[in-house]
Chemist: 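Structure incoming, see below.
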Amino acid sequence: MPFPRIIGTGFHVPENVVTNDDLAKTVDTTDQWVRERTGIRERRWVAPESGVGPSDLAEKAARMALGNAGVGAEEIELIVFCTMTPDRLLPSSACLLQAKIGAVNAAAFDVVAACSGFVYGLATVESFMKTGRYNTVLLVGAEVFSNRLNHEDRTTTVLFGDGAGACVLRNGAEPGGILSTHLFADGSQHQVLWVPSGGSVAPPTVERCGKKEMFVQMQGPDLFKIGVKRFCEAVDAALAHNGLSPEALDCFVPHQANARIIEMVQRKLGLPDAKVVVNIDRYGNTTAASIPIALHEAVTAGRIQAGSIVLLASFGGGLTWASALIRW
Ligand code: UT7
């Protein structure tokens, strides 16, 4: 059986920095509240009405990942694009990205699993690669969430950011790479974090637009409690499957939903700060892009080296939660 490895990473965020003080000019919030309750200081948003979609951010991240991997776009056999804010309902953002980077030999499709999207995408890619069907794959997580937010709702507008992260994976004969992935879901709780209208069940109408039903709605405190529990379950599944204790981890890259959630999981695992990647202060919650952006920053900073044991874990809308263990 071949061993899929991540051989190059990349990222891109919009230039436009939006601070908590910027948001305090339009909604009833303060820099202090947002920092203390979430850990977020600022986020990046595309310029309004700029026409920039997740495939544009992903193009830059993908070109960086391809460059770092030393792989040409025409060598890519599959593109998996994880997003909950696709450029359009049709076609997939994966197909748009395929054209933008010239990956003419690649199959392409999107994966929708909200904040767990990247880990769900990694598991999809792992399966295709371990069966030998595809050997060189591009996996991206990219979101333009700023266009899906009700900017009058202080409970959501302060949380989310735009961005993209990308990984190039290649099969090799040397044991290691993706050791395991674990995916979970509970659709019975889908209304805890959802966009009520805009799909086939409740198509866009003037009335629904007026009621802001096309934007994300969230029951934050419920999600917080469920999130900590599910995060820990996903982590436990990865450690138990591989017969590892938390001390064996060299780097933990959690989904960046809330710094307080990350701290609680970190405490449970007993991990020092040096082993936990946190960048929510600069980007907010970029949903499917948060793990690949954090992963790229950890690799670039030398926090992940050849042989490092890396744990990814996520939790989000669906509800979904997931983990992956990697020997780098
Ligand atoms: O990535 C996907 C998964 N997402 C998550 O896991 C998010 C999980 N949830 C959270 O991170 C937190 O629940 C939030 C950050 C969303 C909210 O923090 P919280 O500590 O749970 O606050 P809360 O919703 O219980 O609200 C406390 C107070 C309320 O006021 P009252 O009723 O006590 O007067 C809110 O209205 O804070 C108020 N509030 C705000 N105040 C200033 C809510 N949002 C804001 C705001 N600025 N932006």
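Indexing begins at 1, ligand by ligand and atom by atom, following the structure's order.
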Chemist: With a 4.0 Å cut-off, strictly under, does atom 41 (N) of ligand 1 pick up any protein heavy atom?
Modeler: yes
Chemist: Would you check if the side chain of D56 reaches a backbone N or O of G53 as a donor-acceptor pair within less than 3.5 Å?
Modeler: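 It does hold such a pair.
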Chemist: In terms of residue, atom name and distance, what is the protein heavy atom nearest to atom 2 (C) of ligand 1?
Modeler: C115 SG, 3.0 Å
Chemist: Name the orientation class of the two ring planes belonging to W321 and F184 (parallel below 30°, tilted from 30 to 60°, perpendicular beyond 60°).
Modeler: parallel
Chemist: Please compare L193, T320, L223, T287 and report which has the shortest non-hydrogen distance to atom 7 (C) of ligand 1.
Modeler: L223
Chemist: Side chain of N16, backbone of W45: donor and acceptor closer than 3.5 Å?
Modeler: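 Checked: pair present.
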Chemist: Heavy atoms only: which of L23, N20, T29 is nearest to atom 47 (N) of ligand 1?
Modeler: T29
Chemist: So if I count the atoms of ligand 1 from 1 in the order they appear, which ones are less than 4.0 Å from some heavy atom of P221?
Modeler: 13 (O), 21 (O), 23 (P), 24 (O), 25 (O)
Chemist: Show the atoms of ligand 1 that are less than 4.0 angstrom away from any heavy atom in V158.
Modeler: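 Atoms satisfying the 4.0 Å criterion: 48 (N).
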Chemist: Among the heavy atoms of R260, does any lie under 4.0 Å from an atom of ligand 1?
Modeler: yes
Chemist: Between V27 and ligand 1, which residue portion shows a heavy-atom distance shorter than 4.0 Å: side chain, backbone, both, or neither?
Modeler: neither
Chemist: Using a strict threshold of under 4.0 Å (side-chain N to carboxylate O), is an ion pair present between K211 and E207?
Modeler: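 Salt bridge: yes.
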Chemist: In terms of heavy-atom contacts, does CZ of R41 have more than 12 from other residues, nucleotides or ligands at under 6.0 Å?
Modeler: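 No, because the 6.0 Å sphere around CZ of R41 holds 12 heavy atoms or fewer from other groups.
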Chemist: N/O of T155 under 3.5 Å from N/O of ligand 1, yes or no?
Modeler: no
Chemist: Quick check: do F252 and V235 have side-chain heavy atoms less than 4.5 Å from each other?
Modeler: yes
Chemist: H190 vs W194 aromatic rings, parallel, tilted or perpendicular, using cut-offs 30° and 60°?
Modeler: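 Aromatic pair H190/W194 classed perpendicular.
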Chemist: Any non-hydrogen protein atom below 4.0 Å of atom 20 (O) of ligand 1?
Modeler: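 Yes, there is one.
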Chemist: Can you name the atoms of ligand 1, numbered from 1 with element, that are less than 4.0 Å from a heavy atom of R37?
Modeler: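 Taking each heavy atom of R37 in turn, ligand 1 has 20 (O) under 4.0 Å.
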Chemist: Give yes or no for whether the N/O distance cutoff of 3.5 Å, strictly under, is met between R154 and ligand 1.
Modeler: yes
Chemist: So if I count the atoms of ligand 1 from 1 in the order they appear, which ones are less than 4.0 Å from some heavy atom of T38?
Modeler: 15 (C)
Chemist: Tell me yes or no: between the side chains of Q32 and T30, is some donor less than 3.5 Å from an acceptor?
Modeler: no
Chemist: Any protein heavy atom at under 4.0 Å, with atom 34 (O) of ligand 1 as the reference point?
Modeler: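 No.
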Chemist: Check whether any heavy atom of I261 sits under 4.0 Å from an atom of ligand 1.
Modeler: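 Judged by the 4.0 Å heavy-atom criterion, I261 does count as contacting ligand 1.
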Chemist: When you measure from atom 43 (C) of ligand 1 to every protein heavy atom, which one gives the shortest distance, and what is it?
Modeler: W33 CZ2, 3.5 Å
Chemist: Regarding R260 and E263, does a basic nitrogen lie under 4.0 Å from an acidic carboxylate oxygen?
Modeler: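 Looking at E263 together with R260, the answer is no, because their closest N to O distance does not fall below 4.0 Å.
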Chemist: Using distance alone, decide if ligand 1 has a nitrogen or oxygen within less than 3.5 Å of any nitrogen or oxygen in G220.
Modeler: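 G220 vs ligand 1: N/O contact under 3.5 Å present.
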Chemist: Suppose we measure from atom 1 (O) of ligand 1 to each protein heavy atom; which comes out shortest, and what is that distance?
Modeler: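 Going by distance alone, atom 1 (O) of ligand 1 is nearest to N285 ND2, 2.7 Å.
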Chemist: G227: heavy atom below 4.0 Å from ligand 1, yes or no?
Modeler: no
Chemist: For ligand 1, which atoms have a heavy atom of N258 less than 4.0 angstrom away?
Modeler: 10 (C), 11 (O), 12 (C), 15 (C)
Chemist: Within a distance of under 4.0 Å, is there any protein heavy atom near atom 31 (P) of ligand 1?
Modeler: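 No, no protein heavy atom sits under 4.0 Å from atom 31 (P) of ligand 1.
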Chemist: Counting only heavy atoms not in K100, do more than 12 fall under 6.0 Å of its NZ?
Modeler: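 It does: K100 NZ has more than 12 such atoms within range.
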Chemist: Answer yes or no: is there a donor N or O on one side and an acceptor on the other, between the side chain of N68 and the main chain of T9, under 3.5 Å?
Modeler: yes
Chemist: Do Q217 and N150 have side-chain atoms, one donor and one acceptor, less than 3.5 Å apart?
Modeler: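 Not at all, the side chains of Q217 and N150 share no donor-acceptor pair under 3.5 Å.
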Chemist: Distance from I7 atom CD1 to W328 atom CH2, nearest 0.5 Å?
Modeler: 10.5 Å
Chemist: Just to confirm my output: which protein heavy-atom neighbour is closest to atom 16 (C) of ligand 1, and how far is it?
Modeler: M218 CE, 3.5 Å
